[in-house]
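The model shown is predicted, which means the values in this text are computed figures rather than measured ones.
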Amino acid sequence: MASAEAHSAHNYHPLPIVVASADGAWMTDVEGRRYLDMLAGYSALNFGHGNRRLIDAAKAQLDRVTLTSRAFHHDRFAEFCTRLAELCGKEMVLPMNTGAEAVETAVKTARKWGYQVKGVPDGRAKIVVAAGNFHGRTTTVISFSTDEEARADFGPYTPGFEIVPYGDLEALRAAVTDDTVAVLIEPIQGEAGVLVPPAGYLPGVRELTRERGVLFIADEIQSGLGRTGRTFACEHEGVVPDVYLLGKALGGGVVPVSAVVADADVLGVFKPGEHGSTFGGNPLACAVGLEVVDMLSTGEFQQRATELGEHLHAELRLLAGAGTVTEVRGRGLWAGVDIAPSYGTGREISEKLMEKGVLVKDTHGSTIRIAPPLVISKEDLDWGLAQLRDVLS
């Protein structure tokens, strides 16, 4: 930790633990102490650490070919794009690497679609986003962030975005103009504290965007791929957006894999040479991503997140009833827990849990986020919750 402090830029504030190995829902530090992972890499590790199916798929591909660049075809690309498109009920996939790259790609897609298909005058395209959003940390993405810690001192900022309150359909309606090309929102805001919008909001967004000829882009990078008990969080309200943004769990915690998924009338605006990524859609990423798609196609992980999630939220509501927690939010195996101020900050509670062998992460001062791997056992989940109760007692 001292060496990291001396030789790495201070862009994160990690808990004081040095992980050396991990398996399933458990991590082991350099001194041999085990910790229950209740964060799962911000949902990148939905299928657990060292998942054998994913590791075996990666190992098999490592012996064949790992990178061709998109200068050439490779034998895993078409199958990955086809299967992922089928999982999403869409026609086309544009693979990238990180979640932020997927968001940037979506911004470019929406603008190009707006000019070429909708007929917005050049240079006037607007994208409406929600306050409290977290879509990444690139210069363009932080330009429409309301988090000053992520935004301050990185200007000048990219124009073309309108920010409205999250969950406020009337504010969204007022913000959409003839120059609006897309509405970009998270179905559940993760970094903001696992905020679930009011019932009817997502269907309202879908109806409004259809009425006004605007793309509905759902950032499911953290909420998607099984975390909430459905393949996509939008499904809880029967909503199908025009564009899905996927990442994190798509790479199984093995390699970075992200994607923009939509129909041909949206992604078809791209022509060769207009966008790209050397590593986007590489053979190793496609091999792992294909295995993720196969695993999700059975519904097993979605069902597990539903059942364990119901148990998780029932137990957390008991804490709220006892007054140690002021609010619990979330869906499936994902929760934002606001700690009563008298019990400490989110960071302090995270550190106390770490001392007891449980790993979570704080956000926005008083909140801790709980998002264990979907493979966690009920017994381990109960043990982790018991440590939380003990810390708050």
Chemist: As a quick check of understanding, evaluate side chain to side chain contact (heavy atoms under 4.5 Å, CB included) for Leu308 and Lys378, giving each step before the final call.
Modeler: CA-CA 7 Å; Leu308 287 176; Lys378 183 177 180 295; 3.9 Å; yes
Chemist: Out of curiosity, Lys356 NZ to Gln387 CD, how far, rounded to the nearest 0.5 Å?
Modeler: 5.5 Å
Chemist: Is there a path from Trp334 to Phe134 through hydrophobic residues (I, L, V, M, F, W, Y) whose side chains come within less than 4.5 Å of each other?
Modeler: no
Chemist: Do NZ/NE/NH1/NH2 and the carboxylate oxygens of Lys90 and Asp242 come within less than 4.0 Å?
Modeler: no
Chemist: Check step by step if side chain to side chain donor-acceptor pair (under 3.5 Å) holds for Gln222 and Arg227.
Modeler: CA-CA 8 Å; Gln222 192 168 174; Arg227 171 55 57 188; over 6 Å; no
Chemist: Looking at CG of Leu245 and CD1 of Ile185, how far apart are the two atoms once the value is rounded to the nearest 0.5 Å?
Modeler: 11.0 Å
Chemist: Under 3.5 Å, side chain of Ser143 to main-chain N/O of Thr158, donor-acceptor pair present?
Modeler: yes
Chemist: Taking the side chain as C-beta and beyond, is there a heavy-atom pair between Asn51 and Met295 under 4.5 Å?
Modeler: yes
Chemist: Before accepting this row, confirm whether a basic side-chain N of the pair Arg124/Asp179 lies closer than 4.0 Å to the acidic partner's carboxylate O.
Modeler: yes
Chemist: Between the side chain of Asp362 and the main-chain N/O of Glu348, is any donor-acceptor distance below 3.5 Å?
Modeler: no
Chemist: Measuring only between side-chain heavy atoms, which start at C-beta, is Thr367 closer than 4.5 Å to Glu327?
Modeler: no
Chemist: Would you please name every residue forming a salt bridge (charged side-chain N to carboxylate O under 4.0 Å, His left out) with Arg389, sequence neighbours left out?
Modeler: Glu315
Chemist: Start with the C-alpha gap between Thr98 and Glu101, add the side-chain angles, then the distance that decides, and say whether side chain to side chain donor-acceptor pair (under 3.5 Å) holds.
Modeler: CA-CA 5 Å; Thr98 65; Glu101 282 180 280; 3.2 Å; yes
Chemist: Are Arg70 and Phe77 in a cation-pi setup, meaning NZ or CZ lies under 6.0 angstrom from the ring centre and within 45 degrees of the ring axis?
Modeler: yes
Chemist: Identify, with sequence neighbours excluded, every residue that meets ring pair (Phe, Tyr, Trp, His ring centres under 6.0 Å) alongside Tyr166.
Modeler: Tyr201
Chemist: Rounded to the nearest 0.5 Å, how far does CG of Leu250 lie from CD1 of Ile221?
Modeler: 10.0 Å
Chemist: Could you tell me whether the side chains of His135 and Asp219 share a donor-acceptor contact shorter than 3.5 Å?
Modeler: yes
Chemist: Please test Lys271 against Glu274 for salt bridge (charged side-chain N to carboxylate O under 4.0 Å, His left out), starting from the C-alpha separation and ending with a verdict.
Modeler: CA-CA 6 Å; Lys271 302 297 184 293; Glu274 293 180 344; 5.8 Å; no
Chemist: Using side chain to side chain donor-acceptor pair (under 3.5 Å), reason through Asp265 and Trp113 one step at a time and then give a plain yes or no.
Modeler: CA-CA 9 Å; Asp265 59 352; Trp113 175 89; 5.9 Å; no
Chemist: Leu312, Val391: one ILVMFWY side-chain cluster at the under-4.5 Å cut-off?
Modeler: yes
Chemist: May I ask you to decide if Thr231's main-chain N or O and Glu235's side chain share a donor-acceptor pair within less than 3.5 Å?
Modeler: yes
Chemist: How long is the span from the CD1 atom in Ile339 to the OG1 atom in Thr345, to the nearest 0.5 Å?
Modeler: 9.5 Å
Chemist: Can you tell me how far apart CG (Leu333) and CD (Gln302) are? Round to the nearest 0.5 Å.
Modeler: 12.5 Å
Chemist: Take Arg331 and Glu310 through the test salt bridge (charged side-chain N to carboxylate O under 4.0 Å, His left out) and record every step on the way to the result.
Modeler: CA-CA 8 Å; Arg331 272 202 169 118; Glu310 289 172 355; over 6 Å; no
Chemist: Is Arg369 close to Met38 at the side-chain level, that is, under 4.5 Å between some pair of heavy atoms?
Modeler: no
Chemist: To the nearest 0.5 Å, how far apart are CG in Leu388 and CD1 in Ile349?
Modeler: 7.5 Å
Chemist: Kindly indicate, with the supporting measurements, whether the criterion side chain to side chain contact (heavy atoms under 4.5 Å, CB included) is fulfilled by Val117 and Val269.
Modeler: CA-CA 8 Å; Val117 178; Val269 298; 4.1 Å; yes
Chemist: Hydrophobic clusters here meaning ILVMFWY residues chained together by side-chain heavy-atom distances under 4.5 Å, can you tell me if Leu45 and Val293 are in one?
Modeler: no
Chemist: Using a 4.5 Å cut-off on heavy atoms from C-beta on, say whether the side chain of Cys81 contacts that of Pro95.
Modeler: yes
Chemist: Please examine the side chains of Met27 and Leu359, heavy atoms only from C-beta on, and report whether any two atoms are closer than 4.5 Å.
Modeler: yes
Chemist: Using a strict cut-off of less than 4.0 Å between a Lys/Arg side-chain nitrogen and an Asp/Glu carboxylate oxygen, indicate whether Lys118 and Asp178 qualify as a salt bridge.
Modeler: no
Chemist: Starting from Leu319, can I reach Val360 by hopping between I/L/V/M/F/W/Y residues whose side chains sit under 4.5 Å apart?
Modeler: yes
Chemist: Does a sphere of radius 6.0 Å around NE2 in His73 hold more than 12 heavy atoms from other residues, nucleotides or ligands, not counting ones at 6.0 Å or beyond?
Modeler: no
Chemist: Establish, from distance only, whether the side-chain atoms of Asn282 and His74 form a donor-acceptor pair under 3.5 Å.
Modeler: no
Chemist: Under 4.5 Å between side-chain heavy atoms, counting indirect links through other Ile/Leu/Val/Met/Phe/Trp/Tyr residues: same cluster for Trp383 and Leu392 or not?
Modeler: yes
Chemist: Using side chain to side chain donor-acceptor pair (under 3.5 Å), reason through Asp338 and His364 one step at a time and then give a plain yes or no.
Modeler: CA-CA 10 Å; Asp338 292 347; His364 294 282; over 6 Å; no
Chemist: Heavy atoms, side chains only, cut-off 4.5 Å: are Val164 and Asp168 in contact?
Modeler: no
Chemist: Are Glu162 and Phe144 packed together at the side-chain level, in the sense that at least one heavy-atom pair is separated by less than 4.5 angstrom?
Modeler: no
Chemist: Apply side chain to side chain contact (heavy atoms under 4.5 Å, CB included) to residues Val257 and Met96 and explain how you reach the verdict.
Modeler: CA-CA 6 Å; Val257 185; Met96 301 299 287; over 6 Å; no
Chemist: Mind checking what makes side-chain contact (heavy atoms from CB on, under 4.5 Å) contact with Thr209, not counting sequence neighbours?
Modeler: Val183, Val205, Arg206, Val214, Phe216
Chemist: Does Arg210 pair with Glu207 as a salt bridge, N-O distance under 4.0 Å?
Modeler: no
Chemist: Ignoring hydrogens and angles, tell me if any N or O in the side chain of Ser69 forms a donor-acceptor pair with the backbone of Ala71 under 3.5 Å.
Modeler: yes
Chemist: Is the closest basic N to carboxylate O distance between Arg347 and Glu351 below 4.0 Å?
Modeler: yes
Chemist: Tyr35 side chain to Val19 main-chain N or O, any donor-acceptor pair under 3.5 Å?
Modeler: no
Chemist: Side chains of Phe232 and Tyr244: does their closest heavy-atom pair fall under 4.5 Å?
Modeler: yes
Chemist: For a side chain to side chain contact (heavy atoms under 4.5 Å, CB included) check, start with the C-alpha distance between Val328 and His313, then their side-chain angles and the critical distance, and finish with the verdict.
Modeler: CA-CA 8 Å; Val328 176; His313 284 276; 3.9 Å; yes
Chemist: Could you point out which residue of Arg53, Arg52, Lys59 forms a side chain to side chain donor-acceptor pair (under 3.5 Å) with Asp56?
Modeler: Arg52
Chemist: Counting heavy atoms not belonging to Asp153, are there more than 12 under 6.0 Å from its CG?
Modeler: no
Chemist: Check whether more than 12 heavy atoms from other residues, nucleotides or ligands sit under 6.0 Å from atom CD of Glu149, and answer yes or no.
Modeler: no
Chemist: Under 3.5 Å, is there a donor-acceptor pair between the side chain of Thr66 and the main chain of Leu62?
Modeler: no
Chemist: Quick one: do the Glu79 and Thr82 side chains pair a donor with an acceptor below 3.5 Å?
Modeler: no
